[in-house]
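Below: one structure, written as structure tokens.
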Amino acid sequence: MRNLILHGYWRSSAAYRVRIALNLKGVAYSQVNHDLRIGAQRAQAYRTLAPHGLVPALQHDETVLIESPAILEWIEERWPAPPLLPDGPDQRATVRAMAALIGCDIHPLNNLRVLNEIKARFQAEELQVRAWIHRWILDGFAALEALIGAHGGLYAFGDSPTLADCYLVPQLYSARRFDVDLKDYPHLIAAGEAAARLPAVVAAHPDHQPDADV
Ligand SMILES: N[C@@H](CCC(=O)N[C@@H](CS)C(=O)NCC(=O)O)C(=O)O
């Protein structure tokens with residue numbers, strides 16, 4: 001597909017998920033990046049594309065897709081090979097559950113606008129904000145550790161990368177960035193690190209993006 005544009009930001013974990021999926025599929029895309037630190041995601045020009053004022057958005061021709069879960073499912077439908085969902089409805093539901101533990105239960109609570117809101121509304125200090133971040137990562141990771149322990153192989157689900165890994169690698173990156181103690185999650189760490197070593201996933205790492213500020 002020509003003219004595939006990913007609107008993102010190097011450190012956005014939701015954009016990182018989409019980069020991983022596109023790279024695993026071997027799909028070429030260009031990037032337009034929006035600096036979240038200065039609120040570029042809320043600029044009117046970007047909101048005409050993505051009314052929620054968040055990254056990522058994936059644009060092709062006249063179409064703009066938003067919300068990383070919908071974008072990832074679209075990528076999977078548009079380029080079925082290599083598959084990022086296993087065969088069988090039970091297996092697919094398990095992978096989607098792993099994805100939702102991160103995408104629905106951890107990430108939204110620790111998103112930039114939520115952290116900014118608790119700082120502004122409740123005068124939360126840095127240490128309190130960090131405790132808040134840890135709280136939701138630890139909760140979600142405990143459940144994910146159980147699922148990966150039961151269903152994981154080389155990767156989060158079985159021996160091929162799936163959508164679960166597209167979510168896991170960025171969330172693990174974020175957990176490390178915020179110094180979360182990960183000693184209780186050996187299956188999760190092993191799966192996340194195996195996925196992170198895949199060349200397609202290495203290329204999606206925040207530090208390797210054109211707008212990386214390292
Ligand atoms: N549910 C959305 C969440 C998107 C999201 O929260 N993106 C973050 C970056 S990871 C963002 O744009 N944050 C900017 C802000 O909070 O103002 C998705 O999965 O695409």
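Just follow the structure's listing: the first ligand is 1, and inside any ligand the first atom is 1. The figures here come from the full heavy-atom set of this structure, side chains too, leaving out hydrogens, waters and symmetry mates.
Nearest protein heavy-atom neighbour of atom 8 (C) of ligand 1: N111 OD1, 3.4 Å. When only non-hydrogen protein atoms are considered, atom 16 (O) of ligand 1 lies nearest to R113 N, 2.9 Å. Protein heavy atom in closest approach to atom 7 (N) of ligand 1: V55 O, 2.7 Å. The protein atom (non-hydrogen) at minimum distance from atom 2 (C) of ligand 1 is E67 OE1, 3.2 Å. When hydrogens are left out, the protein atom nearest atom 20 (O) of ligand 1 is S68 N, 2.8 Å; that is the closest non-hydrogen contact. Among protein heavy atoms, atom 11 (C) of ligand 1 sits closest to L54 CD2, 3.6 Å.
In summary, the atoms of ligand 1 found under 4.0 Å from a heavy atom of L36, numbered by their order in the structure, are 9 (C), 11 (C), 13 (N). Annotation for ligand 1: atoms under 4.0 Å from non-hydrogen atoms of P69 are 19 (O). Listed by atom number, the atoms of ligand 1 under 4.0 Å from L112 heavy atoms are 15 (C), 16 (O). Near R42, with a cut-off below 4.0 Å to any heavy atom, the atoms of ligand 1 are 17 (O).
Salt-bridge formation is detected for the pair E73/R96: a Lys NZ or Arg NE/NH1/NH2 atom is positioned less than 4.0 Å from an Asp or Glu carboxylate oxygen.
Residue G103 places no heavy atom under 4.0 Å from ligand 1. At least one heavy atom of R17 sits closer than 4.0 Å to an atom of ligand 1. Remark: distances from the non-hydrogen atoms of H34 to ligand 1 are all 4.0 Å or more.
P56 has its side chain out of reach of H7: every pair of non-hydrogen atoms, C-beta onward, lies at least 4.5 Å apart. Counting heavy atoms from C-beta on, the side chains of Y46 and V32 never come closer than 4.5 Å. For the pair Y155 and T162, the minimum side-chain heavy-atom distance is 4.5 Å or more.
Any N or O atom pair closer than 3.5 Å counts here, and P56 shares no such pair with ligand 1. The shortest N or O to N or O distance between S12 and ligand 1 is not under 3.5 Å. Residue S13 has no N or O atom closer than 3.5 Å to an N or O atom of ligand 1. The N/O atoms of H107, backbone and side chain alike, include none that comes under 3.5 Å of an N/O atom in ligand 1. Residue contacts with ligand 1: Q41 is placed with a nitrogen or oxygen under 3.5 Å of a nitrogen or oxygen of the ligand (distance criterion only).
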Discussion item. Determine whether R130 and E125 satisfy the following criterion, salt bridge (Lys or Arg N to Asp or Glu O under 4.0 Å), listing intermediate values before the conclusion.
Written reply: CA-CA 9 Å; R130 198 158 276 248; E125 304 289 344; over 6 Å; no
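Using bins of under 30°, 30° to 60° and over 60° for the plane-to-plane angle, the ring pair Y16/Y173 lands in the perpendicular bin. H205 and H208 have tilted rings, their planes meeting at an angle from 30° to 60° on a 0 to 90° scale.
When only modelled atom types and interatomic distance are considered, N3 and Y29 share no side-chain donor-acceptor pair under 3.5 Å. At a cut-off of 3.5 Å, with distance as the only test, no side-chain donor of Q171 or H107 sits close to an acceptor on the other residue. When only modelled atom types and interatomic distance are considered, Y9 and R37 share a side-chain donor-acceptor pair under 3.5 Å.
Judged purely by atom type and a 3.5 angstrom limit, H187 has no side-chain atom pairing as donor or acceptor with the backbone of H151.
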